[in-house]
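Okay, structure first, notes after.
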Amino acid sequence: MVELNEQELQRRQSLDELKKLGIDPYPAELFEINTTTKEIHDKFPEDNNLFQDVSIAGRIMQRRIMGAASFTEIQDETGRIQVYIKRDEVCPGEDKTLYNTVFKKLMDIGDIIGVKGYVFITQMGEVTIHVREFKLLSKSLKVLPNVKEKEDKVWDAFTDPEQRYRQRYLDLIVNPKVKQVFQKRASVMQSMRDFLNGKGYLEVETPVLQPLYGGAAARPFKTYHNTLDMTLYLRIANELYLKRLIVGGFDGVFEFAKDFRNEGMDRFHNPEFTQMELYVAYKDYNWMMDLVEEMVEKIVTDMHGSTKIKSGEHEIDFKRPWKRISMYDAIKEFTTIDLSEMSEEDIAKVAKEVGVDVDSSMGKGKLIDEIFGETVEANLIQPTFITDYPVEMSPLAKKHRSKEGLVERFEAICNGKEICNAFSELNDPIDQRKRFEEQVALGKRGDQESMVLDEDFLRALEFGMPPTAGLGIGIDRLTMILTNQPSIQDVIFFPQMRPEKKAEVATDADFIEFGIPEAWVPVIRKAGFKTVEDLNDVNPNKLFNEMGGLRKKMKLDIAMPTIEEVRGWFGK
RNA sequence: GAUUCCGUAGCUCAGCAGGUAGAGCAUAUGCCUUUUAAGCAUAGGGUCCUGGGUUCGAGCCCCAGCGGGAUCACCA
């Protein structure tokens, strides 16, 4: 039970009055819709004979009432349109209640209504629906943030990130551009799915709850299954399951997977995020680079009609082919240092020089990765493939066909961030076991993100997995770039946040139990008493005085209890 | 986790030497037959995030906490 503010109380009163007039503020039956605001705006100016019998619904976002005529703006999924309501038209007879009372007094910004009428253009030149009849479809009891906007100017924008993310519904109502971001996100996934289906790959689903977590270097969330009496982990990746399916004989499988990583949060990291992983048999990482280019280029073109997009102050062009450069060459290009022949010791020295915090848990691969992150990654704005990673940091990738100490792996970097990660998958079960064992050793050295050994996965490989190319592509990050959003929270509907703190509040019944007459409960709340304990701490005389003051202030028409009665409440 | 900034009306934000808490929009009431963020007039609306402290007196100063943003660290 939360205290209501003045405007919320007014709306509840309106609700009661509507019911008294026989109007159901939440009617059950459907309201037929035969067009959208967007369709009207698109087509009406071309052909004024259209839309002479529309039925449309939406949320009231703006009202301008002038005597016997009113202008209202309603908003549906596609946009807004002005609606003109004239008293004598919606109330043709003597009884003007529907207009004077129901529409003017009892309806508010935020209510959802359905209207029927015809489209015309006002003297001011605005496409408007002339209403023949209207119907309340849902009464709104809370006040919307009132954002005013005209063309590009916005007044009183609703921008507080906390409120926007916690109450995303509000954000979507008042910030139409937010809706577009999520529509684009859906189109990215749609476009990617179409592309993969077009190639004949099978969309599959694999477990989110896993007894062993694997396929990536990250700390997991841990949970527990009662019946099995065992620990389960929320997946950090689905890689090992998809490869089992390749062993099983599917030649191309993919999954849009929610993954969960128990790591820090910032504008690039949410504890749960979406990744598309793809595995294709009889291919290698060179082939996969071609596929990624082709796929992303298609997605961008589907979305923007061009391969170029704006991201922050940069323009990024996804047109094929993208630059391909090996990790060592990239580091050499940006630092002039050649790490390819250096020992772990020397590399650690270089790492310190470029500003990496080196500690004993870091192996050679990790050091190189850190140097790369420090010196190269942020400088890669145009899509670039970085290839051929050190074997130590890629325990699931196949050894390079010709370069000692490296694996056949690539990442695509764009706008200074990794957008995908792929390799020629390791299918040698003996080598895979050795790599896992090295990971276990790293874990003992203190690396909390090292991988664990998955015996069943090894058993699968021992039956034989075809040479396979694998890919993981981050949907959230890709969406951020393609929609030009600076934070991952802007491309996830409900980003993870701390729970909203709820003040301890006693119920009405608790107060009545205490002895407060029901009519006085709102007064007690108004006086700032949240719990019965708060009341116990107060001097009865002071409470009595406050009640009198508030009774006057709140203009309440209820009898004042005597001071003895008030004291009596505390006698128990 | 570290550093730093922020938290005032339904919304956006002011506020000062530490002295009765302000504006715009929204809301209510009255008037007005077509307005383009705002028709005119009047009115109501506040636990100034929470809890302590300093003070005659705290929205403001001090301490602690809660929530959020930004940057950094880890990770995608």
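Chain letters run A, B, ... following the sequence lines, proteins first, then strands; residues in each count from 1.
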>> If the condition is salt bridge (charged side-chain N to carboxylate O under 4.0 Å, His left out), which residues does A:K116 pass it with, not counting sequence neighbours?
In response: none
>> Checking A:F256 now: which residues fulfil ring-ring contact (aromatic ring centres under 6.0 Å, His included) with it, not counting sequence neighbours?
In response: none
> Across all strands, who's sitting opposite B:C60 as a Watson-Crick or G-U wobble pair, both distances under 3.5 Å?
Replying inline: none
> Looking at residues at least two apart in the chain, or sitting in another chain, which of them share a salt bridge (charged side-chain N to carboxylate O under 4.0 Å, His left out) with A:D111?
Replying inline: A:K139
> Which residues satisfy the side-chain contact (heavy atoms from CB on, under 4.5 Å) test with A:K417, sequence neighbours excluded?
Replying inline: A:F268, A:R477
Nucleotide N/O of nucleotides 40-42 of chain B paired with protein N/O under 3.5 Å:
none

> Using purine N1 to pyrimidine N3 plus N6-O4 or O6-N4 for Watson-Crick, or N1-O2 and O6-N3 for G-U wobble, each under 3.5 Å, what pairs with B:U3?
Replying inline: B:A70
>> Does a side-chain N or O of A:R477 approach OP1 or OP2 of B:A76 to a distance below 4.0 Å, or not?
In response: no
>> Walk along nucleotides 25-30 of chain B from 5' to 3' and tag each nucleotide B, S or - by protein heavy-atom contact under 4.0 Å, base first, then sugar-phosphate.
In response: BBSS-S
> Partner of B:G30 by Watson-Crick or G-U wobble geometry, both contacts under 3.5 Å, or none?
Replying inline: B:C40
>> The criterion is ring-ring contact (aromatic ring centres under 6.0 Å, His included); which residues satisfy it with A:Y118, sequence neighbours excluded?
In response: A:H130
> Listed by chain and number, what are the ring-ring contact (aromatic ring centres under 6.0 Å, His included) partners of A:F372, not counting sequence neighbours?
Replying inline: none
Output one line per pair: protein atom, nucleotide atom from nucleotides 33-36 of chain B, and distance, for all N/O pairs under 3.5 Å.
residue, atom, partner, partner atom, Å
B:U34, O4, A:Y84, OH, 3.2
B:U35, O2, A:R64, NE, 2.3
B:U35, O2, A:R64, NH2, 2.8
B:U35, N3, A:Q82, OE1, 3.0
B:U35, N3, A:Q82, NE2, 3.3
B:U35, O4, A:Q82, NE2, 2.7
B:U35, O4, A:T122, OG1, 3.2
B:U36, O2, A:E126, OE1, 2.9
B:U36, N3, A:E126, OE1, 2.8
B:U36, O4, A:T122, OG1, 3.1

> Got A:K105 and A:E17 here, is their nearest side-chain heavy-atom distance under 4.5 Å?
Replying inline: no
>> Can you list everything that forms a salt bridge (charged side-chain N to carboxylate O under 4.0 Å, His left out) with A:R267? Sequence neighbours excluded, please.
In response: none
> Of all residues at least two apart in sequence or in a different chain, which pass the side-chain contact (heavy atoms from CB on, under 4.5 Å) check with A:L212?
Replying inline: A:V452, A:D454
> Can you name the residues that form a salt bridge (charged side-chain N to carboxylate O under 4.0 Å, His left out) with A:D476, not counting sequence neighbours?
Replying inline: A:R185
> Is there aromatic stacking of A:F273 against B:A76, centre distance under 5.5 Å, plane angle under 30°?
Replying inline: yes
> Taking OP1 and OP2 of B:U71, is either one under 4.0 Å from a side-chain nitrogen or oxygen of A:R267?
Replying inline: yes
